[in-house]
Amino acid sequence: MPRVNPIDSDYFKDERPDDKFSVIGKTVQRSDALGHVTGRTEFFEDRTFPDLAHVKIHRSAHHHARINSVDVSEALRVPGVLRVITHRDVPSNWYMVLRLIGIEPNDEPVLAEDRVLYKGEPIVAVVADSEAAALEGAARVKVDYTVLPAVLDVEAALAPDAPVIKQAGTNYFVYEGHHARRLRFGDVEQGFAQADRIFEWRYSSAPIEHAPTETTGCVVVPQSSGRLLIHSNTQAAFFTLDNTALILDRPFTDLQVKGGTVGGGFGGKVDVMVEPLACIAATLTNRPVKFVYTREEEMQVSSPRAAERIYIKDGVMNDGRIVARKVMLYVDSGAYSRHSPYGTTKACAHLPGPYTIPNVYADCHCVYTNRTPSSAMRGFGVTIADFALESQMDRIARALEMDPLQFRLKNAYRDGDLKAHRKVAEGTALIEVIQRAAALVGHELPEEYQAMSSRGAGA
Amino acid sequence: MRIVNLKVNGVGKTFIARPETTLLLALREQLGLTGAKRGCAQGACGSCTVLLEGEPVVSCLVPAVTVDGADIATVEGLADGPALSHVQQAFLDGFATQCGFCTPGMIMSAEALLDRNPDPTRDEVNEAISGNVCRCTGYEPIVSAILDAAVRRREGAKL
């Protein structure tokens, strides 16, 4: 039986005069568990359709190259191949998933036109009677390239002499006219000048692949009404529906997405990677079409969590108060935007961590390189920033020979503090969480730290 | 092309298989038993685990024509009407599922373990499911559920 920790409702009791939880604190069975244990849960690929056709992709062999020509004649001669799809078959080829929330420009083609910006970028889709014929057809597509210099490092991509890989003219996403998502609060240089100690370190992370057990995929079924029914394992049914409709240049009402059952997502299934091409293939052949990534595709070309590089410089007083924090943060978006401009904004919104610091300066760059496009994954933007921020806190505490929890408590934000984003903090609980965690592991805190409260006077 | 006969969950089944038809695809696409999943199609994730003559196999690597006449058990055959197997019930009660994609394969590996070892240690359970990947990383409740199922089976046997 699962262990259920009782709810401790002592904290902030005056804010909740009436604690009547009917579900919280109780064991409630998952609504889908019976289907899981009996094998009856219906994942998208568990449906079978007569006359099902399959889509496979011919992908870029290079990180960065000009496409001189594409020859599909041999692919078309493979028995079972029904169609090849190139960018000319995509009604509205350029897109940006986040355009639905007003973010521009459309920077990614569904199928490459005259250039490829990452190894594995889709160039031609092959539709065939069988998966094997589609794979064979995709392998027989011939692309003539002129290889171009690749940019594979975020800081190298921002160097003045770096080759510009993006059509928009910069190797970074432009935030309201600026090179980065910026945070400016107080005077960070003055803060450094008054500080007793300066600490500056660099943190970096590699891309992380979600590797869901079920690979990304969909089956699109033409309906007698003329609509397309999309069985998908997307985590974002409406992002998928709307973006697919825009790419197809068809009304939203032409599409129906059936989803919600996802064999592991973790953020890796919020891009719109398979549905548009499967819809085009289904329309061109008037047959149900399956497009599902192989395990190799899932590992090689599905968007990972972005690699990040973060420099943090802190000015600290001898008593442990942080008086200035400067962060230069670089998110490797890879070749295209996907969700990374948003992730980078989230990283910036998370700075300077849950601490009250009077002088803060940050530039958070969403950088384009010739790597696999990165995108959403579990708290993207925040997770790696937290790794850097909390590593920084531990290192400073060590350098000051301070207890790391006391160092955090000393700088913890409290209700009423003005945050660097010029919002007044409310509902904070960092102090109480640290106090409780310390008690649980038997880490003794001095009386003055035990007496602290998020509801007390600000730092 | 060859005609293949299998006994699947105790029932005789006949189908035509190409040389490259895997047991997994035959089960899923020809016999309509979609409990076994295709996670990697290269024998690495265990989502397609079924029992072949009582032994767990990754059915994505078994050519169907090579197992003509065999006895196959899949997750669909475990429950007796609404009554779940001990392993299924323990997974349900122990919150040992998240997305559910690895669950059928995980359960078949567990059934095979408990068939040959009714009282496994935690290490033996870990070993038995070492070929089954759960990317939601819920291994702890899964291992606990299998140990719980072992107790239920032994107690059930005593009744």
Side-chain angles (χ1 to χ4, degrees), chain A residues 1-4 27-50 52 54 130-133 135-136 208-217 219 233 235 260-269 290 292-299 377-378, chain B residues 18 20 25 27-48 50 60 74-79 82 84-85 87-108 110 132-137 140-141 144-145 148:
Chain A
M1 278 301 177
R3 189 185 61 208
V4 179
T27 302
V28 178
Q29 187 52 266
R30 299 175 58 105
S31 62
D32 55 5
L34 183 62
H36 292 349
V37 301
T38 53
R40 284 202 295 266
T41 297
E42 206 173 47
F43 294 88
F44 89 92
E45 213 180 0
D46 293 338
R47 298 171 179 85
T48 47
F49 300 94
L52 184 68
H54 300 260
S130 68
E131 204 167 0
L135 279 169
E136 180 70 21
I208 300 170
E209 167 54 33
H210 322 68
T213 334
E214 177 204 43
T215 59
T216 301
V219 176
N233 62 12
Q235 288 178 259
T261 303
V262 182
F266 323 118
K269 288 173 180 164
K290 186 196 294 192
V292 58
Y293 278 180
T294 61
R295 176 56 49 190
E296 290 85 348
E297 286 178 299
E298 193 69 37
M299 300 305 287
M377 183 182 191
R378 290 189 161 185
Chain B
R18 296 170 182 276
E20 73 272 19
L25 285 185
L27 288 170
R28 288 178 57 83
E29 295 184 356
Q30 292 181 269
L31 303 183
L33 295 170
T34 57
K37 306 299 180 198
R38 180 200 65 86
C40 68
Q42 51 190 241
C45 76
S47 301
C48 65
V50 300
C60 71
T74 73
V75 71
E76 288 91 344
L78 295 177
L84 301 179
S85 77
V87 175
Q88 289 175 309
Q89 191 65 49
F91 268 61
L92 192 69
D93 294 343
F95 287 73
T97 73
Q98 286 190 56
C99 81
F101 200 79
C102 74
T103 306
M106 202 68 86
I107 285 178
M108 295 317 290
N132 295 81
V133 175
C134 165
R135 280 294 292 160
C136 305
T137 63
E140 283 298 312
S144 298
D148 179 30

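Predicted, not measured: the structure shown is a model, and the values here were computed from it. Proteins come first, then strands; the chains are lettered A, B, ... in the order of their sequence lines, and each starts at number 1.
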Could you tell me if the side chain of A:Val37 sits less than 4.5 Å from the side chain of B:Leu78, heavy atoms only? no
Check whether any side-chain heavy atom of A:Asp46 lies under 4.5 Å from a side-chain heavy atom of B:Lys37, and answer yes or no. yes
How many angstroms lie between atom CD of A:Glu214 and atom SG of B:Cys40, to the nearest 0.5 angstrom? 13.5 Å
Could you tell me which portion of B:Gln89 (side chain, backbone, both or neither) has an atom closer than 4.5 angstrom to a non-hydrogen atom of chain A? neither
Can you say whether A:Tyr293 sits under 4.5 Å from chain B via the side chain, the backbone, both, or neither, judging by heavy atoms? backbone
Pair A:Arg30-B:Thr97, side chain to side chain contact (heavy atoms under 4.5 Å, CB included): steps then yes or no: CA-CA 9 Å; A:Arg30 299 175 58 105; B:Thr97 73; 4.0 Å; yes
Can B:Arg38 and A:Thr215 be counted as having a side-chain donor-acceptor contact under 3.5 angstrom? yes
Which of A:Glu45, A:Arg40, A:Glu42, A:His210 touches chain B most, by non-hydrogen pairs under 4.5 Å: A:Glu45
A side-chain contact here means heavy atoms from C-beta on lying under 4.5 Å apart; do B:Thr34 and A:Phe43 qualify? no
Region of B:Cys136 that comes under 4.5 Å of a non-hydrogen atom in chain A: both
Part of A:Leu52 within contact of chain B (heavy atom distance under 4.5 Å): neither
Value for OG (A:Ser130) from CZ (B:Arg18), rounded to nearest 0.5 Å, stands at 7.5 Å
Are the side chains of A:His36 and B:Leu92 in contact, using a 4.5 Å heavy-atom criterion? no
May I ask you to name which of B:Ala79, B:Cys99, B:Gly35 has the most heavy-atom pairs under 4.5 Å with chain A? B:Cys99
Let's test your reading of the structure: which of A:Thr48, A:Thr38, A:Leu34, A:Thr41 forms the most heavy-atom pairs below 4.5 Å with chain B? A:Thr38
